[in-house]
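Convention: sequence-line order gives letters A, B, ...; per-chain numbering from 1.
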There are 2 protein chains.
Amino acid sequence: MDQKQAVTAFAALAQSTRLNVVRLLVKAGQEGMAAGALKDAVGASSSNLSFHLKELEHAGLIHSRRQSRSIIYSASFDGLSELIRFLTEDCCQGHPEVCGPFTTGSKFCCPEPENA
Amino acid sequence: MDQKQAVTAFAALAQSTRLNVVRLLVKAGQEGMAAGALKDAVGASSSNLSFHLKELEHAGLIHSRRQSRSIIYSASFDGLSELIRFLTEDCCQGHPEVCGPFTTGSKFCCPEPENA
DNA sequence: TCAATCCTTCAATAATCATTGAATATATAA
DNA sequence: TTATATATTCAATGATTATTGAAGGATTGA
């Protein structure tokens, strides 16, 4: 992931309807949700939601697949993971202990012990 | 953290100079960096950088403290942590195993085993 | 094929954000 | 007190983004 992709991804998350959608899809997991279900859940017009879904997909944060008449959207866990990793890269370089409260147990900052 | 705060925070990260600043400060750790050093590092004008630093501070992603003539900025690890937690809340509810690639070992999605 | 459902595309408008340079504020040193 | 270093504020301009409603594309069932 480079700076430009990351800016695009953060911009995609920087809008209430879209953030709502991503959080719903993160909860939903692999199964995902149909565009219509998302529309009901977030209360947007269908054209507006479609615009936002396209932004999110373009940013690499969600995927879509057709299932009969519906289009099912799901979170891209890879995309989200890369984004967080980019943001927190080399966290507290040389002094990882200060990142503790931020990333205890996480691979994003302080590496986990080998024996984990 | 609520939806509105999260949108503000993501918007703050959705700009190249600001993202650059945050990543530098994440690397710098508690020690932080002076505004002047950030200015040199990111190549912005001082007024422009000041504008961006204010946005980041307002978003709760960085802190500032005065040290003699300089103002030292540092990452808010609490702010970053809350933001990521908000984004990934209830990840894959009911089927946490699918989040594995995303958050293995992290508290953000799949809870760590009790014996960790 | 016809109608219904589900979703997307398009063009126009309204709203928000980034950049610039000049002026200002704060702290230190001579 | 005066000069210097460091950083912020302000107003104006240019650029980007969100929303709306109407029209169009894809899929299914009768």
Result block: side-chain N/O donor-acceptor pairs under 3.5 angstrom for residues 54-61 of chain A, not counting sequence neighbours:
from	atom 1	to	atom 2	distance (Å)
A/Glu57	OE2	A/Ser64	N	3.4
A/Glu57	OE2	A/Ser64	OG	2.8

Notebook entry, point to check: Do any pairs count as a side-chain hydrogen bond (donor to acceptor under 3.5 Å, both in side chains) and have a residue in residues 5-27 of chain A, sequence neighbours left out, and if so which ones?
Noted result: A/Ser16-B/Gln3, A/Arg18-A/His52, A/Arg23-B/Glu89

Notebook entry, point to check: Could you give the CD1-to-P distance, from B/Ile72 to C/dA27, as a whole number of Å?
Noted result: 14 Å

Check: Within a strict 4.5 Å, meaning less than it, do heavy atoms of the B/Leu80 and B/Val26 side chains meet?
Finding: yes

Check: With sequence neighbours left out, what residues match A/Ser70 under side chain to side chain contact (heavy atoms under 4.5 Å, CB included)?
Finding: A/Ala34, A/Ile72

Notebook entry, point to check: Can you tell if the side chain of B/Phe86 reaches within under 4.5 Å of the side chain of A/Leu19, non-hydrogen atoms only?
Noted result: yes

Next item on the list: Could you check if a side-chain atom of A/Val21 sits within less than 4.5 angstrom of a side-chain atom of A/Leu49, using non-hydrogen atoms only?
Entry: yes

Next item on the list: Round to a whole Å and report the spacing from CG of A/Leu19 to P of D/dA18.
Entry: 13 Å

Margin query: Between A/Met1 and B/Leu87, is there shared hydrophobic-cluster membership here, with clusters defined by ILVMFWY side-chain heavy atoms closer than 4.5 Å?
Written below: yes

Checklist line | Trace of the side chain to side chain contact (heavy atoms under 4.5 Å, CB included) decision for A/Leu13 with B/Leu13 | finding: CA-CA 10 Å; A/Leu13 295 170; B/Leu13 295 171; over 6 Å; no

Check: Whole-Å distance between C/dA25 P and B/Arg66 CZ?
Finding: 14 Å

Notebook entry, point to check: Looking at B/Tyr73, does any N or O in its side chain come under 4.0 Å of the phosphate oxygens OP1/OP2 on D/dT6?
Noted result: no

Checklist line | Strand-adjacent residues in residues 35-42 of chain B, judged by heavy atoms under 4.0 Å from DNA chain D | finding: B/Ala35, B/Gly36

Check: Considering only heavy atoms, which members of residues 7-18 of chain A lie under 4.0 Å from some atom of DNA chain D?
Finding: A/Gln15, A/Arg18

Item checked: Any residue meeting side chain to side chain contact (heavy atoms under 4.5 Å, CB included) with A/Ser74, in chain and number order, not counting sequence neighbours -> A/His63, A/Arg65

Next item on the list: Would you kindly confirm whether B/Phe51 and B/Leu25 end up in one hydrophobic cluster when ILVMFWY residues are joined by side chain heavy atoms under 4.5 Å apart?
Entry: no

Notebook entry, point to check: So, the side chain of B/Ser50 versus the backbone of B/Ser46: is there a donor-acceptor pair under 3.5 Å, distance only?
Noted result: no

Checklist line | Nearest-0.5 Å distance that lies between atom CD1 in A/Ile71 and atom CE in A/Met33 | finding: 15.0 Å

Restricting to nitrogen or oxygen on both sides, can you table the protein-nucleotides 28-30 of chain C pairs closer than 3.5 Å?
from	atom 1	to	atom 2	distance (Å)
C/dT28	O4'	B/Arg69	NE	3.2
C/dT28	O2	B/Arg69	NH2	2.8

Notebook entry, point to check: Hey, is the main chain of A/Asn48 close enough, under 3.5 Å, to the side chain of A/Ser45 for a donor-acceptor pair?
Noted result: yes

Next item on the list: Scan residues 45-64 of chain A against DNA chain D and write down, sorted by residue number, each residue with any heavy atom closer than 4.0 Å; if none is found, say none.
Entry: A/Ser47, A/Asn48, A/Phe51, A/His52

